[in-house]
Amino acid sequence: MAKVLMKGNEAIAEAAIQAGCRYFFGYPITPQNEIPAYMAKMLPKVGGCFLQAESEISAINMVYGAAGAGARVMTSSSSPGISLKQEGISYIVGAELPCLIVNIVRGGPGLGGIQPAQSDYFQAVKGGGHGDYHMVVLAPSSIQEMVDLVTDGFDIADKYRNPVMILGDGMLGQMMEPVEFREKKTILPEKPWATTGNKEGKPRNIINSLFIDPQGLEDHVLKLYKKYDEMKENEVRVECYNCEDAEIIIAAYGTMARIAKNVIQMAEEQGIKIGLIRPITLWPFPVDTFKKWADSHHVKAFLSLEMSMGQMVEDIRLSVDGAKPVHFYGRTGGMVPTPKAILEEIKKIREGI
Amino acid sequence: MAHEVIISGFGGQGVMSLGQLLTYAGMLEGKNVSWLPSYGPEMRGGTANCSVIITDELVGSPIVTEATAVIAMNLPSLEKFEKTILAEGLLIINSSLVDSKTTRDDIDVIYIPANEIADELGNNRVANMVMLGAYLEKTRVVSPDSIIESLREVLGHSKEHLVPVNQEALKRGAQLVKNKG
């Protein structure tokens, strides 16, 4: 198919529809409003249902219900709205249901601002709701990748019966880039566990996250953790760019990874070799990739670049495990670091080596 | 070379659509492109702007901090973005609405009475296309034909009748640059 020019938010919505999503429940918030707007316009045309709920809390519980009934379903919001959805997300994980949740992150805490940020990293990857749980968190850095990850995200959710989150930011949601929708036949999996009525007298299916017996709950959580081990085994995605011979490796995802590529080019013009590790899955984190490059003799240090006060840097430090120094540079509150400022930071790190 | 442009004006002056047309045309010509709008409260009555990148290289950050060109549709836009232009870069000012001159002496400046020309063409809303015509004539980033093709794509069949006046506006903008030679 030919390339079209689309906003990130619209591309997410179109990709979801093409992936067979027919149910969207949400509540408006900037900077992701083009997603529900697109869904409101297009879902009725394909026999789907768009519903603007009375709050984020009801939206996520509608997702819970539709997922329980076996539907391919999604919701989207931005930071404060995603905070409100955390209780529901925890329930959906507990009840082992698949769905896609999109967070187009804005600056926080509190109501914060509306400009792009990456300060919801902890919330996304460490379990923003209560209880022992994880979900696969996908971090696209282009509009094309947003489209591809939406499709894959639904499939991953179904495969493990677990929610998947797309973690973008206001810039990726608002910007336009050429994008291609690859013809792909969507085959929705059978969901024999779904609560779809019991007319044929089949055994009752129960969707539930309540386990009063502590042994029963521990068994359940251990079962969930077996799934997380499989996700760690199968779902890690990462891009390594320019890492061969790099003396410093930048780690960045999403918007920051784009900016990092500008920095790498500027540095190269000045004879400085910089590489980039771009986690595409923030959970499961590409631990082995970091370990591998940390063991390389030419790599002297890592630098985590984030639009936050430093969150992913903790996972990098855990992965590198003291083998090499791990530095941090970031801006927050909706400020986006400039390539120039980052290059200055790199020069400072080099002086200290 | 990479063209990194900031287009800015009041909400309603068509700065977002000007940027989108340029981006779309760049895509049609096989270039790497991005379009990034300002979004937020400033769009309601205040200054709206967008950043467009058209390049043969990879597009990293879509934010333009050092512009090869700025298209300023009103005074606040001139004041806000004139300093972001690279030395020897281009500044196009809508002199219908902006009385001030630029304070920069190391850049190329073109003054275009865009609203007056649009009025002459009988459609005040094509002032943005007059500015775009001037920009294309000066930089040759994309061909005016690609812009018109993009416009047809964006407008759709029901607004096909608006194509000629837009085409004319592009030509008038280009003509002004040619005359200044």
Side-chain angles (χ1 to χ4, degrees), chain A residues 2-10 30-34 78 104 106-107 113-116 141-144 169-180 241-242 250 252 254-267 276 278 305 307 331 334-342, chain B residues 1-2 4-7 15-44 48-67 83-84 86 142 146-147 149-156:
Chain A
K3 282 190 174 176
V4 287
L5 192 64
M6 263 183 140
K7 268 193 171 190
N9 285 335
E10 292 169 344
T30 305
Q32 61 83 56
N33 282 323
E34 292 84 359
S78 179
I104 301 298
R106 56 189 250 176
I114 60 172
Q115 298 302 322
S141 90
S142 70
I143 312 300
Q144 184 66 54
D169 64 64
M171 195 166 94
L172 288 167
Q174 293 295 322
M175 70 181 280
M176 276 184 157
E177 254 183 340
V179 60
E180 193 177 0
Y241 178 83
N242 234 31
I250 292 174
T255 285
M256 279 316 300
R258 300 179 66 106
I259 295 169
K261 286 184 181 175
N262 288 116
V263 175
I264 289 168
Q265 200 183 342
M266 283 167 64
L276 168 69
R278 179 173 75 90
L305 288 182
M307 293 190 291
R331 299 289 301 270
M335 298 301 292
V336 182
T338 62
K340 260 189 183 168
I342 297 165
Chain B
M1 77 174 262
E4 307 204 357
V5 195
I6 294 171
I7 303 144
V15 297
M16 296 301 183
S17 40
L18 193 168
Q20 284 182 16
L21 282 175
L22 193 56
T23 313
Y24 210 110
M27 178 183 77
L28 291 180
E29 295 191 2
K31 306 259 179 33
N32 293 323
V33 297
S34 70
W35 174 90
L36 179 72
S38 63
Y39 64 93
E42 78 272 21
M43 287 179 77
R44 295 180 188 99
N49 69 79
C50 63
S51 302
V52 173
I53 300 178
I54 300 181
T55 178
D56 294 320
E57 319 263 305
L58 155 157
V59 178
S61 170
I63 302 169
V64 174
T65 45
E66 294 177 330
K83 56 185 176 292
T84 66
L86 286 164
V142 294
S146 304
I147 295 286
E149 196 182 334
S150 311
L151 187 68
R152 284 211 160 91
E153 202 71 39
V154 175
L155 288 178

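Please read all numbers here as calculations on a predicted model, not as lab measurements. Convention: sequence-line order gives letters A, B, ...; per-chain numbering from 1. When reading the values below, keep in mind they use all heavy atoms of this one structure, side chains included, and skip hydrogens, waters and symmetry mates.
For the residue pair Tyr39(B) and Gln115(A), the shortest heavy atom distance occurs at O-NE2, 3.0 Å. In this structure, Met27(B) and Val4(A) approach most closely via the heavy-atom pair SD-C, 3.8 Å. Considering all non-hydrogen atoms of both residues, Asn262(A) and Ser61(B) come closest at OD1-N, 2.5 Å.
Every residue two or more places apart in sequence or in another chain that forms a side chain to side chain donor-acceptor pair (under 3.5 Å) with Glu177(A) is listed here: Arg258(A).
Taking SG of Cys50(B) as the reference point, atom CE of Met175(A) lies at 12.5 Å (rounded to 0.5 Å). Atoms CD1 and OG1, from Ile63(B) and Thr338(A) in turn, are 9.0 Å apart once rounded to the nearest 0.5 Å.
Within the 4.5 angstrom heavy-atom criterion, no atom of Met256(A) approaches chain B. With a 4.5 Å cut-off on non-hydrogen atoms, Val336(A) touches chain B through its side chain but not through its backbone. Only the side chain of Leu58(B) comes within contact range of chain A, with heavy atoms under 4.5 Å apart. Heavy atoms of Val59(B) lying under 4.5 Å from chain A belong to its backbone as well as its side chain. Of the two parts of Glu57(B), only the side chain, counted from C-beta on, holds a non-hydrogen atom closer than 4.5 Å to a non-hydrogen atom of chain A. Looking at Pro337(A), neither its backbone nor its side chain comes within 4.5 Å of chain B, counting heavy atoms on both sides.
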| said: Working note: Trp35(B) + Leu5(A), criterion side chain to side chain contact (heavy atoms under 4.5 Å, CB included); need CA distance, chi angles, decisive distance, verdict. | reply: CA-CA 9 Å; Trp35(B) 174 90; Leu5(A) 192 64; 5.5 Å; no
